[in-house]
Amino acid sequence: MPLAQSLSPHTCVFEGRAFVAFLDKQPSVDTTRKIGTIGYCLTGSYTMRLAAAMPERIGAGGSFHGGALATGDDSS
């Protein structure tokens, strides 16, 4: 749990951008097409945040059993 608690909206977008950049460097990835993201439970909110932060690359985001998708926090 301490590792999960070290994550934040900032880290999910920062690291998500790095993941997309890595994928985009792969020869099998067509960077002219958008990608999709998926999250389960805690990462459900992460997939939505990354899709909102990268609309030019992410065309779809799905959350299954999303935890903390809407909270009282200003970053929700």
Side-chain angles (χ1 to χ4, degrees):
M1 201 58 181
L3 182 58
Q5 291 171 335
S6 72
L7 302 174
S8 70
H10 170 76
T11 60
C12 85
V13 171
F14 180 81
E15 292 176 3
R17 287 182 185 275
F19 295 149
V20 172
F22 171 80
L23 289 173
D24 283 350
K25 291 179 184 174
Q26 306 311 303
S28 59
V29 174
D30 182 353
T31 58
T32 66
R33 298 181 67 184
K34 292 188 177 189
I35 61 175
T37 63
I38 189 168
Y40 176 79
C41 198
L42 171 68
T43 60
S45 64
Y46 292 10
T47 196
M48 297 301 168
R49 290 182 193 281
L50 188 59
M54 299 185 73
E56 72 286 354
R57 278 303 284 127
I58 299 176
S63 171
F64 291 91
H65 185 58
L69 287 175
T71 67
D73 188 59
D74 288 341
S75 67
S76 176

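Sequence positions, counted from 1, serve as the residue numbers for this chain.
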Non-neighbouring partners of Arg57 that pass salt bridge (Lys or Arg N to Asp or Glu O under 4.0 Å), sequence neighbours left out | Asp24
Answer yes if Ile38 and Tyr40 sit in the same cluster of Ile, Leu, Val, Met, Phe, Trp and Tyr residues linked by side chain heavy atoms under 4.5 Å apart, and no otherwise.
-> yes
Lys34 and Pro55: which non-hydrogen atoms are nearest, and at how many Å?
-> NZ-O, 2.9 Å
Distance, nearest 0.5 Å, that separates OG1 of Thr43 from CZ of Arg49 | 12.5 Å
Side chain Thr47, main chain Gly44, donor-acceptor under 3.5 Å | no
Minimum heavy-atom distance Leu23-Val29, with the two atoms named | O-CG2, 3.1 Å
Flag the pair Tyr46 / Leu7 as yes when at least one side-chain heavy-atom distance between them is below 4.5 Å, and no otherwise.
-> yes
Would Leu50 end up clustered with Ile35 when hydrophobic side chains under 4.5 Å apart are linked, directly or stepwise?
-> yes
